[in-house]
Number of protein chains: 2
Amino acid sequence: MRDVTIGEAARESGVKVTTIRFYEERGLLSAPPRSEGGQRLYGAKDVARLRFIRHARDLGFDMAALSDLLELAGHPDAPCAHADRLAEARLEDVRRRIAALQGLEKELERMLSACRSGTVESCAVMESLSDHAHCDGPHDTDALKG
Amino acid sequence: MRDVTIGEAARESGVKVTTIRFYEERGLLSAPPRSEGGQRLYGAKDVARLRFIRHARDLGFDMAALSDLLELAGHPDAPCAHADRLAEARLEDVRRRIAALQGLEKELERMLSACRSGTVESCAVMESLSDHAHCDGPHDTDALKG
DNA sequence: ATAGCATCTACAGTGACTGTAGGGGCAAGC
DNA sequence: GCTTGCCCCTACAGTCACTGTAGATGCTAT
């Protein structure tokens with residue numbers, strides 16, 4: 001378990017140097033020992049923890065959930081129901097986001113397919129944005145001009 | 001075109017009171033006239049502009065794109081190619097996010113379906129997070145934001 | 001006149017970083 | 001030994017698009 005500098009830990013884990021220091025400040029990572037010159041020295045466990053963090057962040061877990069997950073990781077004998085719940089909450093959130101984005105995709109497609117590259121006045125994109133029929137309330141396209 | 005207070009403008013447009021003031025500060029909305037008591041007074045055009053802003057924000061346009069769109073809205077004779085490009089960029093971004101999130105959805109589903117509610121040590125969720133095999137490729141962390 | 005909500009300004013806080021300024025550490029080449 | 005050049009250090013400001021707060025004032029209804 002040789003020690004590596006923050007730069008190498010960054011390269012190995014895929015977490016940026018500044019972000020590693022930020023995680024240390026936020027307590028996601030404990031402060032590592034330092035070299036005589038004051039540089040941080042990381043071992044293999046730290047790098048593994050960084051990779052864990054990065055993977056979880058990539059999956060959309062926020063830092064609060066990450067704290068929980070890292071706490072759990074330190075207690076392998078505990079029941080995993082908690083981790084399970086966190087993952088389920090993530091999955092629900094991801095599905096909600098997908099549904100919302102697919103709605104946007106449809107609306108943007110509709111806007112673009114109707115665009116005839118004329119002037120702004122008759123542009124479907126602008127009309128679409130002025131038209132709040134898909135949100136709520138009345139619309140008044142003319143009121144925006146001038 | 002009767003004038004309304006910020007509260008009513010908020011109700012009619014669906015943009016919160018504080019957010020309206022924030023937009024004014026950022027120049028998305030020009031400073032409206034005031035009542036004798038110093039309260040902001042909005043006309044129908046302002047409310048329409050707020051609805052336009054809200055709709056565009058809902059569709060994921062950021063404030064820089066919004067400035068462009070609002071500028072365009074003021075020049076109805078200009079060609080609409082610019083608005084078109086903005087919408088296309090939005091659509092591409094939305095599709096990238098959807099693809100990224102569907103990847104996450106699959107991974108989370110896999111994690112959860114393998115979880116036997118045992119201990120953390122054998123929990124598929126934790127294993128999955130520790131295992132970086134599924135995430136070596138280039139990453140699009142942005143896909144998770146917003 | 002009073003109650004009670006709406007509005008005002010000004011500023012701090014959010015999440016998860018990113019960027020900058022101004023310095024010091026460290027290995028290689030001269 | 002000295003310089004070059006990259007890596008690292010701390011501390012703090014900036015990002016985005018708001019949200020929240022405090023304390024004062026305006027407006028409306030009773």
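The sequence lines fix the lettering, A, B, ..., with proteins before strands; numbering per chain opens at 1. The structure presented is a predicted model; accordingly, all values stated were derived computationally and were not measured.
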Return a table of donor-acceptor pairs under 3.5 angstrom between the side chains of residues 22-34 of chain A and protein atoms on other chains or two or more places apart.
from	atom 1	to	atom 2	distance (Å)
A/Glu24	OE1	A/Arg40	NE	2.8
A/Arg34	NH1	A/Gly38	O	2.9

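A heavy-atom distance below 4.5 Å is not found between the side chains of B/Arg57 and B/Arg54. Side-chain contact between A/Arg90 and B/Met111 is absent, with no heavy-atom pair separated by less than 4.5 Å. Between A/Ile6 and A/Gln39, every side-chain heavy-atom pair lies at or beyond the 4.5 Å cut-off.
Rounding to whole angstrom units, CD of residue A/Glu8 and C1' of C/dG25 are separated by 17 Å. Counting to the nearest Å, the P atom of D/dC18 and the CD atom of B/Glu25 are 13 Å from each other. For the pair B/Glu24 CD and C/dT9 P, the computed distance is 8 Å after rounding to whole Å. Taking atom CG on B/Leu41 and atom P on D/dG26, their separation rounds to 14 Å, with Å as the unit. One interatomic measurement links the two molecules: CD1 of A/Ile6 to C1' of D/dT10, which rounds to 12 Å at whole-angstrom precision.
Near-neighbour residues of DNA chain C inside residues 28-37 of chain B, defined by a heavy atom below 4.0 Å, number-ordered: B/Arg34. Within a heavy-atom distance below 4.0 Å of DNA chain D, the residues of residues 15-22 of chain B found are B/Lys16, B/Thr19, B/Phe22. Taking every heavy atom of residues 61-70 of chain A and every atom of DNA chain D, no pair lies under 4.0 Å.
Expressed to the nearest 0.5 Å, how far CG of B/Leu70 lies from CZ of B/Arg49 amounts to 4.5 Å. A distance of 4.5 Å separates CZ in A/Phe52 from CG in B/Leu129, rounded to the nearest 0.5 Å. How far CG of B/Asp93 is from CZ of B/Arg96: 4.5 Å, rounded to the nearest 0.5 Å. Atoms CD1 and CD, on A/Ile98 and B/Glu105 in that order, are 4.0 Å from each other to the nearest 0.5 Å. Rounding to the nearest 0.5 angstrom, the gap separating the CD atom in A/Glu36 from the CG atom in A/Leu41 is 10.5 Å. To the nearest 0.5 angstrom, B/Leu66 atom CG is 9.5 Å from B/Leu86 atom CG.
Regarding contacts with the backbone of D/dC7, every side-chain N or O of A/Thr5 stays at 4.0 angstrom or more from both OP1 and OP2. For the OP1/OP2 pair of C/dA6 and a distance below 4.0 Å, the side-chain nitrogens and oxygens of B/Arg11 include no atom meeting the criterion. Residue A/Tyr23 places at least one side-chain N or O closer than 4.0 Å to OP1 or OP2 of C/dC17. Regarding contacts with the backbone of C/dA16, every side-chain N or O of A/Arg26 stays at 4.0 angstrom or more from both OP1 and OP2.
Between B/Arg95 and A/Glu109 a salt bridge is recorded (basic side-chain N to carboxylate O distance below 4.0 Å).
Each end of the helix from C/dA1-D/dT30 to C/dC30-D/dG1 gets its own axis, taken as the rotation carrying the C1' atoms of four end pairs onto the next four within a five-pair window, and the two axes meet at 20° to the nearest 10 degrees.
Residue pairs meeting the salt bridge (Lys or Arg N to Asp or Glu O under 4.0 Å) criterion with at least one member in residues 60-83 of chain B, sequence neighbours excluded, do not occur.
Contact record, A/Tyr42 with A/Ile20: OH-CG2, 3.4 Å, taken as the closest heavy-atom pair. In plain terms, the two heavy atoms of B/Ala56 and B/Leu69 that are nearest each other are CB-CD1, 4.5 Å.
The side chain of A/Gln39 lies closest to D/dC9 when the candidates are C/dT7, D/dC9, D/dC18.
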